[in-house]
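Owing to the predicted nature of the structure, the values given are computational and were not obtained by experimental measurement. Computed over heavy atoms, backbone and side chain alike; hydrogens, waters and symmetry mates excluded.
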Amino acid sequence: MPHKCNKRCLGPLTFHPRAKGEKVCLSQGDRLAERISSTFGNGIVFSSRPVQVMERICLRVLKDVSSWHGAIRLGFTTVPPSTRTLPLPSFAIPNLTDKPGHWAAPVDSSHCEAGSELEFWVSHSGKVYVKTETTVIKVLKRVDVNRPLWAMVDVYGQTCAVVLLGSEKCGVFSSRRSCPAPESFTLPYIENFSSVTAESPLTDDDDCISCINMGSSEDKNCVVCMVKGARVTLPCGHRCLCKHCAIRVQLEFGTCPLCRHIISDA
């Protein structure tokens, strides 16, 4: 079904359905990118449309393995995905970054465990920032912002699966967000990107790197980490996990930690 976006909508944002690494499978409306875990490469994907300067792209790591070194690489390219020759190179770094119009940087594996959320964006001066759950890092500079840019994600190494949650661009008085993908993600008890509010208004100033507030206003804390607010309601009705721990519990145990009711993906 076609999207009917309002003036504040940035438009749909998914991974490009054709330009993808040989070992990547796309699903969930091209929002979920999963690389087979028997290899650490051939996991490059691109955004389905050009992204704007200061448009913050949000990803969640859904699956990681310890059998490889290194983790996801994030960046941008001026080369349209639709014009790329297949098969794609095995790695974003150095296979693509050695070519004009490509910029990418690795994210430390300590920030890329399953359940972790990452944001990345490019500033007006061509600096690329990555926001992890604990810090904001400037990872690149001198990106050409005078030409259209597509987001570039290399699902590399320990990172085996990521889901594209959406994007947001904040101004002084209002914010704009990408609209939902045609298919909803199959973990319905995990709140989506649109429910997360901004910590503070983000202006278009280069050095303003305020990010989405991943905190919670709930009184009860997650029963696993005992630190973050319990924001996730499981199918059994128990609201007892933070978003980070919900992914871990679903992948490793598959049951509610309170009543042992099976957590279904349906």
Original post:
Under the side chain to side chain donor-acceptor pair (under 3.5 Å) test, which residues partner Q52, sequence neighbours left out?
Top reply: K169
**OP:** List, by chain and then residue number, the residues other than Y156 in its hydrophobic cluster (Ile/Leu/Val/Met/Phe/Trp/Tyr, side-chain heavy atoms under 4.5 Å); write none if there are no others.
**Re:** F40, V65, W68, F91
Original post:
Between V249 and L241, is any pair of side-chain heavy atoms under 4.5 Å apart?
Top reply: yes
**OP:** For T132, check side chain to side chain donor-acceptor pair (under 3.5 Å) against everything at least two apart and list the hits.
**Re:** T134
Original post:
What residues, two or more places apart in sequence or in another chain, satisfy side chain to side chain donor-acceptor pair (under 3.5 Å) together with D108?
Top reply: S110
Subject >> Identified side-chain hydrogen bond (donor to acceptor under 3.5 Å, both in side chains) partner of E55 from the options S178, S167, S47 >> reply: S167
Original post:
Nearest heavy-atom pair of P257 and C240: which atoms, and what distance?
Top reply: CG-SG, 4.0 Å
**OP:** Return the set of residues passing side chain to side chain contact (heavy atoms under 4.5 Å, CB included) with S38 (not counting sequence neighbours), or none when no residue passes.
**Re:** I36
**OP:** Report yes or no: do R84 and T77 form a side-chain donor-acceptor pair below 3.5 Å?
**Re:** yes
Using atom types as modelled, flag every donor-acceptor pair under 3.5 Å from a side chain in residues 136-145 to any protein atom, sequence neighbours excluded.
| from | atom 1 | to | atom 2 | distance (Å) |
| --- | --- | --- | --- | --- |
| D144 | OD1 | N146 | N | 3.0 |

**OP:** Could you tell me whether the side chain of R177 and the main chain of G166 form a donor-acceptor pair under 3.5 Å?
**Re:** no
Original post:
How would you list, by chain and number, every residue that makes a side chain to side chain contact (heavy atoms under 4.5 Å, CB included) with P87, sequence neighbours excluded?
Top reply: E22
Subject >> Connected-component partners of F46 among ILVMFWY, side-chain separation under 4.5 Å >> reply: I44, L86, L88, L96, M152
**OP:** Taking side chain to side chain contact (heavy atoms under 4.5 Å, CB included) as the test, write out the residues that go with C25, two or more places apart.
**Re:** none
Subject >> pair T159-D64: side-chain heavy atoms closer than 4.5 Å >> reply: no
Subject >> Closest contact, heavy atoms only, G43 versus D154 >> reply: C-OD1, 3.6 Å
**OP:** Any pair with a residue in residues 7-34 that passes ring pair (Phe, Tyr, Trp, His ring centres under 6.0 Å), sequence neighbours left out, goes on the list, sorted by first then second residue, please.
**Re:** none
Original post:
Looking at residues at least two apart in the chain, or sitting in another chain, which of them share a salt bridge (charged side-chain N to carboxylate O under 4.0 Å, His left out) with E113?
Top reply: R248
Original post:
With sequence neighbours excluded, what pairs up with K63 under the salt bridge (charged side-chain N to carboxylate O under 4.0 Å, His left out) test?
Top reply: E34
Original post:
Should the pair R176-E168 be classified as a salt bridge under the 4.0 Å nitrogen-to-oxygen rule?
Top reply: no
**OP:** Using the rule that two of Ile, Leu, Val, Met, Phe, Trp, Tyr join whenever any of their side-chain heavy atoms come within less than 4.5 Å, decide whether V51 and W150 are in one cluster.
**Re:** no
Original post:
Between H238 and C256, what is the shortest heavy-atom contact and its length?
Top reply: ND1-SG, 3.5 Å
Original post:
How close do V61 and I247 get, heavy atom to heavy atom, and via which atoms?
Top reply: O-CG2, 4.4 Å
Original post:
Quick check: are there more than 12 heavy atoms from other residues, nucleotides or ligands sitting under 6.0 Å from CZ of R147?
Top reply: no
Original post:
Would you say H102's side chain and P100's backbone share a donor-acceptor pair under 3.5 angstrom?
Top reply: yes
Original post:
For P17 and L26, which heavy atoms make the closest approach, and how far apart are they?
Top reply: CA-CD1, 3.9 Å
